[in-house]
Amino acid sequence: MKSRYEIAKNVFIDSIDVDDYIDLSTSVSAFKQLQHSIEKPLKMILLFGRPGTGKSILLNRIAEKLKNEREIHYFETPSTNEKEFFHKLFKALTKEALPANTDINFSSLVNYCKGLRGEREIVILLDEAQMYGAEMMEKIRLLSDTRSVKFIVSLHKTEDEDLIAKEHFQSRIWEVIELKNATLQDQIAYVHKKLLKKNLFEVANSIKEKEMKMIHTFTRGNFRECNKLFYTIFEICEYYDTHEPSKVQYDRLSKKIIEMAALKLGYIDV
């Protein structure tokens, strides 16, 4: 029989799978804002936030929810070069794949998009767009100017620089949606809802607010860091549950185990 902690551990494997999406007040608000922005006659929309704030899973969710209402395509992985990107775009526009060695004339592609104006609107969700250079973003901007292709551009916000301030975004983005780290209450709801989705009621109930404050301090409310920490916490709990059950507090998450996990991940020093 599996340890309850093995199941709990696997709940926190980092994923952008739409089935792992958790409704929180902030995530619902961001979803509605993005959905409303897509409905507006905007050419480019910026979704940005620090890594681990939920940008990718939000894009995945919006693509899944709107796929039967709109022509919407999620470009999850950045293209390694322009040819690869324009091949993906060509397939989204025409529903046909070109041979890999085929060159696409950019001017012809722009003219093709202009011909679609008023007939179709294709929404392209560009994840990890910080991987695209200024020249590539300028071409994306020109395609968006045709008003038949709308781009949702997802970018990381870094500690030392707001990417929104970069020159090639300032005059091109029409609307900005920023995702932030979770508040304590949102992080508590996130953790409990993830566990309850797997019917891990006892494990969820063992996580009290006092311990969550400690975890929130370590992770700063970042969802990815939260997943990493809880995976490690339950990995340690699983070990003790199997080998030394007397060291596990089943009714309360042990502060000592939280500190052991935080030490292992480098949140605290010896």
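Only this structure's heavy atoms are used, side chains among them; waters, hydrogens and symmetry mates stay out. We count residues from 1, following the sequence as given.
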Rounded to the nearest 0.5 Å, how far does CD of Glu235 lie from OH of Tyr5? 14.5 Å
So do the side chains of Glu82 and Phe106 get within less than 4.5 Å of each other, counting heavy atoms only? no
Step through the shown structure and confirm whether more than 12 heavy atoms of other residues, nucleotides or ligands are within 6.0 Å of CD on Gln35. yes
Test side-chain contact (heavy atoms from CB on, under 4.5 Å) on Tyr231 and Asn10 and set out the steps. CA-CA 7 Å; Tyr231 183 92; Asn10 292 331; 4.3 Å; yes
Donor-acceptor pair, distance only, cut-off 3.5 Å: does the side chain of Asn222 make one with the backbone of Pro51? yes
Checking salt bridge (charged side-chain N to carboxylate O under 4.0 Å, His left out) for the pair Lys95/Glu71: CA distance, chi angles, key distance, verdict? CA-CA 11 Å; Lys95 300 179 177 63; Glu71 289 190 67; 3.5 Å; yes
Side chain to side chain, Met137 and Val153, heavy atoms closer than 4.5 Å: yes
Under 3.5 Å: donor-acceptor pair, side chain of Thr242, backbone of Glu238: yes
Side-chain heavy atoms of Ile72 within contact of Ile122, under 4.5 Å: no
Side-chain (Asn227) to main-chain (Ile13) donor-acceptor, under 3.5 angstrom: no
Check this for me, if you would: do Glu259 and Lys256 make a salt bridge, where the nitrogen-to-carboxylate-oxygen distance has to be below 4.0 angstrom? no
Test item: Thr53 side-chain N/O and Asn181 main-chain N/O as donor-acceptor pair under 3.5 Å: no
Could you tell me whether the side chain of Tyr250 reaches within less than 4.5 Å of the side chain of Glu202, counting heavy atoms only? no
Salt bridge between Lys43 and Asp145, side-chain N to carboxylate O under 4.0 Å? yes
Would you say that more than 12 heavy atoms from the other residues, nucleotides or ligands in this model lie under 6.0 Å from the NZ of Lys255, or not? no
Kindly say whether Lys91 contributes a backbone atom to a donor-acceptor pair with the side chain of His73 at under 3.5 angstrom? no
Where do Phe201 and Leu196 come nearest, in terms of heavy atoms and distance? CD2-CD2, 3.2 Å
Any side-chain heavy-atom pair from Thr146 and Leu116 closer than 4.5 angstrom? no
Parallel, tilted or perpendicular: which describes the rings of Phe12 and Phe234, with under 30° parallel and over 60° perpendicular? tilted
For the NZ atom on Lys180, are there more than 12 heavy atoms of other groups (residues, nucleotides or ligands in this structure) within a distance under 6.0 Å? no
Can you see whether Asp251 engages Ser206 through a side-chain donor-acceptor pair at a distance of less than 3.5 angstrom? no
Taking NZ, NE, NH1 and NH2 as the nitrogens, is one of them in Glu121 or Arg147 under 4.0 Å from a carboxylate oxygen of the other? no
Name all residues meeting the side-chain contact (heavy atoms from CB on, under 4.5 Å) criterion together with Thr94; count only those two or more places apart in sequence or in a different chain, and write none if there are none. Phe90, Glu96, Tyr112
Salt-bridge test for Glu244 and Lys247: reply yes if a basic N is under 4.0 Å from a carboxylate O, no otherwise. yes
Derivation of the side-chain contact (heavy atoms from CB on, under 4.5 Å) call for Tyr74 and Ser56: CA-CA 10 Å; Tyr74 176 30; Ser56 295; 3.8 Å; yes
Where does the angle between the aromatic ring planes of Phe85 and Tyr132 fall among parallel (under 30°), tilted (30 to 60°) and perpendicular (over 60°)? perpendicular
Carefully, step by step, assess Leu58 and Asn60 under the rule side-chain contact (heavy atoms from CB on, under 4.5 Å). CA-CA 5 Å; Leu58 175 58; Asn60 203 4; over 6 Å; no
Residues Lys228, Glu225: salt bridge by 4.0 Å N-O rule: yes
Using side-chain heavy atoms (C-beta onward) and a distance below 4.5 Å, is Glu39 in contact with Arg70? yes
How many angstroms lie between CG in Leu59 and CG in Leu125, if you round to the nearest 0.5 Å? 5.5 Å
If two hydrophobic side chains count as joined below 4.5 Å and joins carry through other members, does Met131 share a cluster with Leu89? no
Heavy-atom donor-acceptor pair, Glu84 side chain to Ser79 backbone, under 3.5 Å: no
Exam field: side chain Thr219 to backbone Ile215, donor-acceptor pair closer than 3.5 Å: yes
To the nearest 0.5 Å, tell me how far Lys65 NZ sits from Lys67 NZ. 10.0 Å
Can you name the nearest heavy-atom pair linking Leu143 to Val110, along with the distance? CD2-CG2, 3.9 Å
Could you measure the distance from the CG atom of Leu200 to the CD1 atom of Ile7? Nearest 0.5 Å is fine. 6.0 Å
Salt bridge or not for Glu211 and Arg252, using N-O below 4.0 Å? yes
Flag yes if more than 12 heavy atoms outside Lys198 fall under 6.0 Å of its NZ atom; otherwise flag no. no
Any chance you could measure Leu34, atom CG, to Ile177, atom CD1, to the nearest 0.5 Å? 4.5 Å
Which heavy atom of Ser154 sits nearest to which heavy atom of Asp127, and what is that distance? OG-OD1, 3.3 Å
Nearest atoms (heavy-atom pairs only) where Gly54 meets Ile57: O-CG2, 3.5 Å
Check the surroundings of atom NZ in Lys208: do more than 12 heavy atoms from other residues, nucleotides or ligands lie under 6.0 Å from it? yes
Only pairs at least two apart or in different chains count here, so list each salt bridge (charged side-chain N to carboxylate O under 4.0 Å, His left out) that has a residue in residues 98-119. Lys83-Asp103
Could you check whether any side-chain heavy atom of Thr26 comes within less than 4.5 Å of a side-chain heavy atom of Phe31, counting everything from C-beta outward? no
side-chain contact (heavy atoms from CB on, under 4.5 Å), that's the test. Do Phe151 and Ile45 meet it? Break it down for me. CA-CA 6 Å; Phe151 289 94; Ile45 300 161; over 6 Å; no
Distance-minimising heavy-atom pair for Ile124 and Ala92: CD1-CB, 4.2 Å
For the side chain of His156 and the backbone of Arg50, is there at least one donor-acceptor N/O pair under 3.5 Å apart? no
Tell me if the NZ atom of Lys88 is crowded by more than 12 foreign heavy atoms within 6.0 Å. yes
Between the NE2 atom in His216 and the CD atom in Gln185, the distance rounded to the nearest 0.5 Å is 9.0 Å
Establish, for the pair Lys55 and Phe48, whether the NZ or CZ atom is under 6.0 angstrom from the six-membered ring centre and no further than 45 degrees off its axis. no
Do Ser27 and Ile22 have side-chain heavy atoms sitting under 4.5 Å apart? no
If every non-hydrogen atom of Ala30 is compared with every non-hydrogen atom of Leu179, which pair is closest and at what distance? CB-CD2, 3.5 Å
Considering the options Val191, Leu253, Ile258, Thr217, which one meets the side-chain contact (heavy atoms from CB on, under 4.5 Å) requirement together with Met212? Val191
